[in-house]
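What follows is a short report on a single structure.
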Amino acid sequence: MTGRVVVAGASLGGLRAAEQLRAAGWTGAITVVGDEPVMPYNRPPLSKEVLVGKGSFESLAFRPRASVADVEWVLGAAVTSADLGRRVLGLAHGAELTFDGLVVATGVRPRRLGCPGPLRGRHTVRTVADARALRTELARPGARVVVVGAGFIGCEVAATAVALGAAEVIVADPEPLPMLRPLGELLARDLLRRHEQRGVRFALGTAVSGFEGEDRVTGVVLGDGRRLAADVVIEAVGSIPNTEWLAGNGLDLADGVRTDELLRVGGLPHVVAVGDIARFPNARYDGVPRRIEHWSMPADTAKRAARTLAAHLAGAEPDPEPFAPLPTFWSDQHDFHLQCFGAPAFGLDDVRVLEGEPGDDVVAGYHSAGRLVGVVALGGPAATAAAARHRSGLLKPPALTA
């Protein structure tokens, strides 16, 4: 095969896309372009082991497979524009790249609050540079820490701050319970109790309206008038897909990059999307295009997108099998583990305890129309093993349903 595939994005999704292109038979050139100056690395430990000092930043790097030894890596050079019709990308330093096939893998960036107040002392956790800067501040004796956002990252960082000996850790969120939307009330209440027992305080049910301080933040102002003293603030309020460089191509960029069931972008057979940025229909559920920011998605989407793109570049028909990945995520907080299989958000109205009980090892099942659509374990290794046993009972895609 001749020609070149450009992978825009050099994180896990970009690496897996390059590897899967080779596995799918593409022997032409592959160029991977990324805005960070380092090779792809593992992001989940940034808010946990690495931040608390149990692992080095250097240990995060992925080891690429031998099949991608000939891949060209252009790092520290963000993609800034694209002309998908002409098949040309513009890079931040002014260079242009032409391509025969394109993989969109630019992922997401942390959302920042637009509240008034100083920026110094406010952190996000997405990159190695973010984690380095935050670890330095959390290591200061007597640090008062406010985490804005009670989702996965917020709860993980709060647990890490406690482990580092922070004088005070408060999590603020407009929802009444931590991780309420992904878990539902039953496990969210259990999660709240576990964090409080380990020293985390919560300011729930009200949004942040501003930050106090002159040259750096000294406090957080809540919408109900309360003021929280803070030496360090971590903003964990969601993410924004990095789609700006694709503007002007007539694509649906409302929430990430919309694709079809084969992960093709905008009906273009030579452009596919993978990872956090891809908004795709999942045949396992209702077929509505959604983004899924879970660990399993970069690998799952890369495998399917690579097969789709490689088939097009070889002049063959793509595999018509419905794309139906099983979302999987986990989270380590304090001394307990959260493990999820499936899509519990589709079954929040019918949550049943499958094994154990809240406060101990517990496994909950999430049901829609009587069908099991998600399984979540909270606790120790026994709960995780139990969740894995129930995984086989999850809703299967129509093509795989007897």
Side-chain angles (χ1 to χ4, degrees), residues 11 34-38 41 43-48 50-53 57 76-78 80 92 106-162 164-175 178 200-204 206-245 276 293:
S11 191
D35 59 346
E36 289 189 75
V38 294
Y41 58 89
R43 294 188 190 276
L46 290 177
S47 59
K48 301 183 284 289
V50 171
L51 193 59
V52 82
F57 292 108
T80 56
T106 44
V108 299
R109 62 183 182 275
R111 186 180 300 277
R112 300 302 298 260
L113 293 171
C115 306
L119 290 175
R120 190 171 171 224
R122 292 163 55 186
H123 298 261
T124 59
V125 185
R126 176 68 183 176
T127 68
V128 164
D130 293 339
R132 280 197 173 110
L134 180 56
R135 188 162 82 177
T136 298
E137 296 223 33
L138 289 179
R140 293 177 180 173
R144 298 169 299 176
V145 180
V146 173
V147 181
V148 183
F152 294 107
I153 297 297
C155 287
E156 288 175 356
V157 173
T160 300
V162 168
L164 286 171
E168 183 177 66
V169 180
I170 302 177
V171 179
D173 196 283
E175 294 286 348
V200 179
R201 293 171 52 201
F202 286 83
L204 300 171
T206 184
V208 170
S209 61
F211 298 95
E212 296 181 318
E214 295 296 331
D215 64 331
R216 67 170 290 137
V217 66
T218 60
V220 178
V221 182
L222 303 181
D224 60 8
R226 281 181 290 171
R227 283 171 162 76
L228 309 176
D231 303 302
V232 184
V233 172
I234 298 102
E235 296 177 49
V237 291
S239 58
I240 300 174
N242 294 315
T243 60
E244 291 81 0
W245 61 281
D276 294 347
E293 293 185 29

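Residue numbers count from 1 along this sequence.
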Value rounded to 0.5 Å, distance of [atom1] in [X] from [atom2] in [Y]:
X: Thr136; Y: His123; atom1: OG1; atom2: NE2; result: 8.5 Å
X: Leu228; Y: Ile170; atom1: CG; atom2: CD1; result: 4.5 Å
X: Ser209; Y: Arg226; atom1: OG; atom2: CZ; result: 11.0 Å
X: Leu51; Y: Glu156; atom1: CG; atom2: CD; result: 10.5 Å
X: Glu36; Y: Arg126; atom1: CD; atom2: CZ; result: 8.5 Å
X: Ile153; Y: Arg43; atom1: CD1; atom2: CZ; result: 10.5 Å

Give a yes or no on whether the backbone of [Y] and the side-chain of [X] come within a donor-acceptor separation of less than 3.5 Å.
X: Glu175; Y: Ala150; result: no
X: Thr124; Y: Pro110; result: no
X: Arg216; Y: Val232; result: no
X: Thr160; Y: Ser47; result: yes
X: Asp231; Y: Arg144; result: yes

Considering non-hydrogen atoms only, spot the tightest contact between [X] and [Y] and give its length.
X: Ala172; Y: Leu222; value: CB-CD2, 4.1 Å
X: Pro178; Y: Leu204; value: CD-CD1, 4.1 Å
X: Gly154; Y: Ala236; value: N-CB, 3.6 Å
X: Val148; Y: Val237; value: O-CG1, 3.6 Å
X: Phe211; Y: Leu113; value: CZ-CD1, 3.8 Å
X: Cys115; Y: Gly210; value: CB-CA, 3.7 Å

Do [X] and [Y] have side chains that approach each other closer than 4.5 Å (heavy atoms only, starting at C-beta)?
X: Pro118; Y: Thr218; result: no
X: Val220; Y: Val233; result: yes
X: Asp130; Y: Leu46; result: no

For this session: Step by step, work out the side chain to side chain contact (heavy atoms under 4.5 Å, CB included) result for Leu134 and Val125.
Result: CA-CA 8 Å; Leu134 180 56; Val125 185; 3.6 Å; yes
For this session: Quick one: list whatever passes side-chain hydrogen bond (donor to acceptor under 3.5 Å, both in side chains) with Arg201, sequence neighbours left out.
Result: Glu168
Exercise. Excluding sequence neighbours, so at least two apart, what forms side-chain hydrogen bond (donor to acceptor under 3.5 Å, both in side chains) with Arg132?
Worked result: none
